[in-house]
Participant: 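This structure is in structure tokens; I'll ask about it shortly.
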Amino acid sequence: MLRYTLLRVLGAIPTLLLVIVLAFLMVHAAPGGPFDDERVLPADVEANIARAYHLDESLPKQLLRYLGGLVQGDLGPSYRYRDYTVSELIGAAFPLSLKLGAMAMALAIVVGVSAGTVAALQQGTYLDRTVMAFSMTGISIPVFVVAPVLVLFFAVKLQWLPAGWSSSTGASRMVLPVITLALPQIAYIARLTRASMIDVLGRDFVRTARAQGLGTLTVVRLHALKPAMLPVLSYMGPAIAAILTGSVVVEEIFGIPGLGQFFIRAALNRDYTLVLGIVVFYAALIVLLNLIVDVLYGAIDPRVRYR
Amino acid sequence: MILSRGHFTQALLVALLLALFGGCSDRSVDAGLVLQRGTNSDPESLDQHKARSVQAADVLRDIGEGLVAYSPTGELVPAAAERWEVSADGLTYTFHLREQARWSNGDKVKAGHFVFGLRRLVAPATGAFYANMLAAVANAPEVVSGDLPVDALGVEALDELTLVIKLARPTPYLLSLLAHPSTFPLHPASVAEFGDHFARPGKLLSNGAFVLDAWVPGSLIALRRNENYWNNAATTLDGVNYHVVVQDAAELNRYRAGELHITSTVPPDNFASLRAQYGSELHVAPYLGLYYYGFNLLKPPFKNNIELRKALSMAIDREQLTDKILARGEMPAFSWVPPGVDSYEPTVFSFASLTKHERETLARRLYKEAGYSEARPLKIQLRYNTSDTNRKIALSIQSMWRDVLGVETTLINEEFQVLLANVRDAEVTQVFRSSWMGDYNDAQTFLSVLEAGSAANMPRYANDEYESLMKRAATQVDPDRRRLYLEEAERVMLADHPVIPLYFYVSKHLVRPEVSGWGDNVLDYHYSQHLSLSATN
């Protein structure tokens, strides 16, 4: 088992290295550099800046310097946020994005499943149609439209909630971003739950349970909910991906200093080290998750270990 | 009672909802006398030598203080220096620092701290963006290029409170340079202790009205009052928050929600309705910035072809552009130097006073003289960097040139860095979009752009008469004669039509009624220390 795990870990290193080298070459191939501007600098000044940030060295040398730092766990200083290192920026931004995503996911599951179940139980009624109409709207309206509308209503008009992240220190600043991010997922999950719940409610074992005299809520809770959750469970993967990409837009609109926002800005600013740092971080995260899954598979199924 | 699993789930749900929706009353705009300002990007750094952007300079002017500063209406006033003398030849400035000036840790601000800061600015190892700010100071260019050691720079501390700056040539605008954050003093001991990371919250020592309290990159820069500031009694604010809001529409929403007292700009669309809605809260003021088109003077058809360049410039209806197409308060440009620059009267194109009909008739005649006609129209490419505004302007100019002269213009939009690279190469470009923002309040900052040796001279303009006028202005001590040389230089340059000035930028802010002390000025500098808040929101 230990040997298998070690082999898998060693196998992940070339993958990571390839990702880093490719990403490094790609950001440097993009036209322009981190310090280009309409206010062109005198040649002397430009040369001094390039030297101070090691941009005067050849690409292979820069790559080696970067890899050398990486081995020591140093992702380098950011070119755009010159007082901060890339590790510091990622370290502060990732937990925030994670928290935002997790809360949105939790909200989406709780509200989506409840709404879907209610709609299934009241199938064909006014309530059912309302829930489904709302969910259709939720799916079709993009995040960058929903966010400003929510802000206009709850922050500008009613003044209940802050319009921007930095205007508050409490939990209230999470509300609008989490709702914005969760809304399309709530809609999707509600529709999925409704369809599969209707299907399950028509099955024989549910009829048997009812025949035994159990109430509707008990039947749903004890018998129907679990099997009805299967399609929702398999939707979790795409949902997490959707929340990750959606968070980029939400972070930008609400001014949340999360990883998505930094990624976009770093690319636009040609902040080589920050772009690379985030790519490396995501790549390592994915490799790690895959690794854990592989190792777990190996633990469960011995055949995998000896293949 | 033992909680069942169902109850537990319900309790968890309630807790989650409480966490989500609790604490709705923590809107910080109501908290004491803290000014809430919008800014559209983070400073690159609060190390004044690694900083570059306008946004960084705004924060640096709040926390630091140079020898001189600007008043709310844009006049130079004494700051860290109480008074100064200038030698008769205009080459030696002697500054007398305030006895009471202190760093935020209570240390005295000494002349040596200015020397340390200025030397670090020009030292090649620093890689400072504004290293050429001090080009007029004795030996500065040689230090920047590495030919002379840093201590050869013409700055010296005679004693604790006396600073002498020696210049290589008279520089009437020297004082305005000394209001720029790159020339502020630095606390040598803290730089030595923290090295590259001295400009961080908890470490940064500053000598201005505020000190850095916290910085969350991508979100917020929080400043609090500097109790050790020499003029702390005059500061009325307890703190200033700079909120980073990238999208201008989001910034407007936050202003409307009462979260910001001052916005960094306003969204470009629906300007008229904003003006109607906000009335006196909307401040629009001339700004030291120019939007222009340049010609590639190294290649045909514009090389040695003044008539053609003039015809194209005259065929453009600038009022139509600013009043109808953009309609955001910008001013049509008939000169290179914007109006409102200190002790300077910009030369304007002779055609500025003509009627539209006269102007277009003249343009057509010049176009013919240049050898073009309906049968043989000019075919050119116009390059601009991708943006809504740039596209709008390019489209209308394309149609103006077509309607008035019959020119066939191909529009090419490129990513900003690609356009810059193309303009630099001067191979494929013919007409290109660019802009220039003044670094200080003097005509020099605009006119020097088109000097032959300037890196920013994108059209590659070269005219001996212009060069000699600029050189004479650079060595002239008498401000009136210097001004005449500069004005003459602009006249000479405009007559050559190397560029088409289109419009001058304006600064736009929304300022809440409870903010007082705000002054509109061409530099768009608004020191927080001049502002105050009435406690009632």
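A note on names: the letters A, B, ... follow the listed sequences, proteins ahead of strands, and every chain is numbered from 1.
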Participant: Any idea which of N253(B), V449(B), L220(B) has the most non-hydrogen atom pairs under 4.5 angstrom with chain A?
Facilitator: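 Among the listed options, the one with the most contacts to chain A is N253(B).
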Participant: F35(A) versus chain B, heavy atoms under 4.5 Å apart: side chain, backbone, both or neither?
Facilitator: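 Looking at F35(A), backbone and side chain both touch chain B.
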Participant: Mind ranking A250(B), A222(B), P217(B) by heavy-atom pairs under 4.5 Å with chain A and telling me who comes out on top?
Facilitator: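 Of the options given, most contacts go to P217(B).
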Participant: Kindly compute the distance separating NE2 (H243(B)) from OG (S167(A)), expressed to the nearest 0.5 Å.
Facilitator: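 H243(B) atom NE2 to S167(A) atom OG measures 4.5 Å (nearest 0.5 Å).
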Participant: Which region of L158(A), side chain (C-beta onward) or backbone (N, CA, C, O), has a non-hydrogen atom less than 4.5 Å from a non-hydrogen atom of chain B, or is it both or neither?
Facilitator: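 Interface part for L158(A): neither.
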Participant: Can you tell me how far apart OH (Y79(A)) and NZ (K50(B)) are? Round to the nearest 0.5 Å.
Facilitator: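 One finds 12.5 Å between OH of Y79(A) and NZ of K50(B).
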Participant: Would you mind checking which part of E88(A) comes under 4.5 Å of any heavy atom in chain B, side chain (CB onward), backbone (N, CA, C, O), both or neither?
Facilitator: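 Contact with chain B: side chain only.
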Participant: Please identify which of these residues, D44(A), V45(A), I49(A), N48(A), meets the side chain to side chain contact (heavy atoms under 4.5 Å, CB included) condition with P124(B).
Facilitator: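 Exactly one pass, corresponding to N48(A).
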Participant: Sort out for me which of Y84(A), F254(A), Y81(A) touches chain B most, counting heavy-atom pairs under 4.5 Å.
Facilitator: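 It is Y84(A).
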Participant: More than 12 foreign heavy atoms under 6.0 Å from NZ of K203(B): is that the case here?
Facilitator: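 Enclosed: over 12 neighbouring heavy atoms sit under 6.0 Å from NZ of K203(B).
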Participant: Just how far is it from atom NE2 of H49(B) to atom CZ of R82(A), taken to the nearest 0.5 Å?
Facilitator: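 So the NE2 of H49(B) and the CZ of R82(A) are separated by 13.5 Å.
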Participant: For L233(A), does the CG atom have more than 12 heavy-atom neighbours from other residues, nucleotides or ligands under 6.0 Å away?
Facilitator: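 Buried by this count: over 12 neighbours within 6.0 Å.
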Participant: What part of A135(B) is in contact with chain A, defined as an atom under 4.5 angstrom from a non-hydrogen atom: side chain, backbone, both or neither?
Facilitator: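 For A135(B), no heavy atom lies under 4.5 Å from chain A.
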Participant: With a 4.5 angstrom heavy-atom cut-off, could you sort out which part of A199(B) is near chain A: side chain, backbone, both or neither?
Facilitator: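 Answer is both: backbone and side chain atoms of A199(B) are under 4.5 Å from chain A.
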Participant: If you look at every heavy atom in R254(B) and S166(A), which pair is closest and at what distance?
Facilitator: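 Looking at all heavy atoms of both residues, the closest pair is NH2-OG, 2.8 Å.
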Participant: Could you have a look at A51(B), A131(B), S145(B) and say which one has the most heavy-atom pairs with chain A under 4.5 angstrom?
Facilitator: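 Between A51(B), A131(B), S145(B), the count favours S145(B).
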Participant: Under 4.5 Å from any heavy atom of chain A, what part of R200(B) do you find: side chain, backbone, both or neither?
Facilitator: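 Side chain only.
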Participant: Output, in order, the C-alpha distance, side-chain angles, deciding distance and verdict of side-chain contact (heavy atoms from CB on, under 4.5 Å) for D83(A) and W215(B).
Facilitator: CA-CA 11 Å; D83(A) 296 328; W215(B) 182 6; 3.5 Å; yes
Participant: Less than 4.5 Å to any heavy atom of chain A: does that hold for the side chain of L419(B), its backbone, both, or neither?
Facilitator: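 Neither; nothing under 4.5 Å.
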Participant: Between A257(B) and A163(A), which heavy-atom pair has the shortest distance, and what is it?
Facilitator: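 A257(B) and A163(A) have their closest heavy atoms at CB-CB, 4.2 Å.
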Participant: Check this for me: M26(A), atom CE, are more than 12 non-hydrogen atoms of other residues, nucleotides or ligands nearer than 6.0 Å?
Facilitator: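 Check fails, neighbour count at 12 or below.
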Participant: Please report the shortest heavy-atom distance between R256(B) and Q159(A), naming the atom on each side.
Facilitator: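 Residues R256(B) and Q159(A), closest heavy atoms: O-NE2, 3.6 Å.
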Participant: Heavy atoms only, distances under 4.5 angstrom: which of R270(A), R80(A), K157(A) has the most pairs with chain B? Name it, please.
Facilitator: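 Highest number of pairs under 4.5 Å: R80(A).
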Participant: Can you give me the closest heavy-atom contact between S219(B) and P257(A), atom names plus distance?
Facilitator: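 Minimum heavy-atom contact is CB-CG, 3.6 Å.
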Participant: Parallel under 30°, tilted from 30 to 60°, perpendicular over 60°: which one fits the rings of F129(B) and Y53(A)?
Facilitator: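 Plane angle between 30° and 60°, so tilted.
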Participant: Pick whichever of T126(B), D42(B), V144(B) has the most heavy-atom pairs under 4.5 Å with chain A.
Facilitator: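 With the most close heavy-atom pairs to chain A, the winner is D42(B).
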Participant: Test R173(A) against E259(B) for salt bridge (Lys or Arg N to Asp or Glu O under 4.0 Å), laying out the working first.
Facilitator: CA-CA 12 Å; R173(A) 60 180 178 184; E259(B) 292 169 22; over 6 Å; no
Participant: With a 4.5 Å cut-off on heavy-atom pairs, point out which of G164(A), G255(A), A92(A) contacts chain B the most.
Facilitator: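 That would be G164(A).
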Participant: Is it the backbone or the side chain of E251(B) that comes under 4.5 Å from a heavy atom of chain A, or both, or neither?
Facilitator: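 No part of E251(B) comes within 4.5 Å of chain A.
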